[in-house]
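Data block below; observations after.
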Number of protein chains: 2
Amino acid sequence: MNASMDSIDTDLAARIRAAIIQGKFHEGERLSEAQLCDLFGVSRTPVRLALRLLEREGVIRRGGGRGYQVHSPTVADILQAVQVRGHLESLAARLMAMSPGRHNQLPNLAAAIDEIERLIGLGVMDDATLRQLQQQNANFHKTILDGCGNDFVGFTCNQISHLPMLEVGSMVFDRQVLSSPQGVERSLFRLRFGNAQHKVIYEAIQKGDAVRAEGVMREHSNTMVEYIEVFEKRNEALTLSDLISYSGIDLAQVQTAAPLSG
Amino acid sequence: MNASMDSIDTDLAARIRAAIIQGKFHEGERLSEAQLCDLFGVSRTPVRLALRLLEREGVIRRGGGRGYQVHSPTVADILQAVQVRGHLESLAARLMAMSPGRHNQLPNLAAAIDEIERLIGLGVMDDATLRQLQQQNANFHKTILDGCGNDFVGFTCNQISHLPMLEVGSMVFDRQVLSSPQGVERSLFRLRFGNAQHKVIYEAIQKGDAVRAEGVMREHSNTMVEYIEVFEKRNEALTLSDLISYSGIDLAQVQTAAPLSG
DNA sequence: TCATGCGGCTTGGGATCCCAAAGTCAAGCG
DNA sequence: CGCTTGACTTTGGGATCCCAAGCCGCATGA
């Protein structure tokens, strides 16, 4: 019930999307409806709905004459998108700092900050802890998006949050880095640094310092961009699969092949 | 061939959207597929595709159990969206000012500015002139979105540009204001003011002054917000139909009823 | 030999059919 | 008299069918 709470087409779109991101199709490959039908074992109606959805998301495009062709997002695309999302979040931070009713939401921010601090204090970077960290991080960011008074900011963020690492509040880690003690230590530092930014954002919003809230939030978003760029420099052939982790979307659990027959 | 260059479902979505925006359906009204089928004289397949599209756009929502209910955007919603779009454009302006290859695009910006200046100089505010103004304004803004180097900014803007007045480069006028000489004069001033901002943005981008480009672009976007807010104050029951004009989308030309039979 | 036209084949779009789930109404029971 | 439950009806989701519009290839004529 994890990936299939929605109807077939939404679920199907998620599976095709995951397949594309994981590189199961070649870049520019033609996708025909019939092909997807018997690949996933469904009829053409949901396939067409899914294709329309994916077209809007930008992971497939109308190619030349007939059919769609896959347009798999590259790491560079994701970096651009993260920048856009960060810019939107900085707008949200500014607006929230200017909002009179912001004090109702402040406890939620504080709770997320404290919980992240507690989790960091444990000093372990196992899967469960990372999941909880991601959850609290998402809480923090979503609270700002919801509390900024402009519903459209959150709406627009959601419009682009289907791509990997674009889910609001997602946290990116290199898989390898967590296997070495130094890597864990560096990751812990990165988390402490991020949470320090959270605290500054919190205080700026509390005091109504809109400029500061916006600026620090922008800087906070930039942190992820730079983190990914470091990877890019270190590893030429960086692929999305190397990075996707703790983003709220677990690609590994999204099955690609059709499981059942009849 | 204006509104129907795409296939039926896209066109259908546009018609349903127009009907919703024009208030042909009550807020919260249940939309059933069958009802829309015989209202527009098409089958259920395109209707479902259109409904999925409109759901993603946010003009209809999944209501309670079955079916969709219309969620017509209010003037307040549009204001929020304009703010978001403006924020994205200010990001584009900043990025373009920082982009090394920006000089290729500068002539396009200058051309749009000059052409707007020329059109304003005519001193007339007839339909044809306004259309040309809107076109040049769109050129200016699209050039920045395309030239900023981050394709995702333009992509995200496009994601929300189906709503009235959210098309990039759209210009909003009150219909009534153009019928009086004072109104025309005020509108001309507003256009001159806007184009002056264009010039400042142009120069900031040229000089690579990213901070200034971003700031003026934000202010430039705010102008429209304030213009609409003035209306809102003057006319309590301001509806979207009073404002929609010269937005690139001509609602009057989008037919609602089914034209043919058999 | 090359170009052009015709015909078949592939493929996407729209319509219709079937089924399952949810909502509603009414009747029976407490 | 009210609540519950079961049957009917409405409606949305999925599958299949039909049609039209592009591609491809072959053949024929210049």
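Protein chains get the first letters and strands the later ones, always in sequence-line order, with residue 1 at the start of each.
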Side chain proximity check, B:Arg94 to B:Met217, heavy atoms < 4.5 angstrom
no
If you define the side chain from C-beta out and look only at heavy atoms, does anything of B:His87 sit under 4.5 Å from A:Ser90?
yes
Note, B:Val168 side chain near B:Leu145 side chain (heavy atom, < 4.5 Å)
yes
Is there any protein nitrogen or oxygen under 3.5 Å from a nitrogen or oxygen in nucleotides 11-14 of chain D, and what are the pairs?
from, atom 1, to, atom 2, distance (Å)
D:dT11, O4', B:Arg66, NH1, 3.0
D:dT11, O2, B:Arg66, NH1, 3.1
D:dG12, OP2, B:Glu33, N, 3.1
D:dG13, OP2, B:Glu33, OE2, 3.2
D:dG13, N7, B:Arg44, NH2, 2.7
D:dG13, O6, B:Arg44, NH1, 2.9
D:dG13, O6, B:Arg44, NH2, 3.4
D:dG14, OP1, A:Ile8, N, 2.9
D:dG14, N7, B:Arg48, NH1, 2.9

A:Arg62 versus A:Tyr68, side-chain donor and acceptor atoms under 3.5 Å
yes
Specify the closest pair of heavy atoms between B:Gly147 and B:Met96, including all atoms of both residues, with the distance to one decimal.
O-CG, 3.7 Å
Distance-only polar pair, side chains of B:Asn137 and B:Gln134, donor-acceptor under 3.5 Å
no
Identify the two heavy atoms, one from A:Val70 and one from A:Phe25, that lie closest to each other, and give their separation to 0.1 Å.
CG1-CB, 4.0 Å
If the helix axis at each end comes from five base pairs, how far does the helix from C:dT1-D:dA30 to C:dG30-D:dC1 deviate from straight, to 10°?
0°
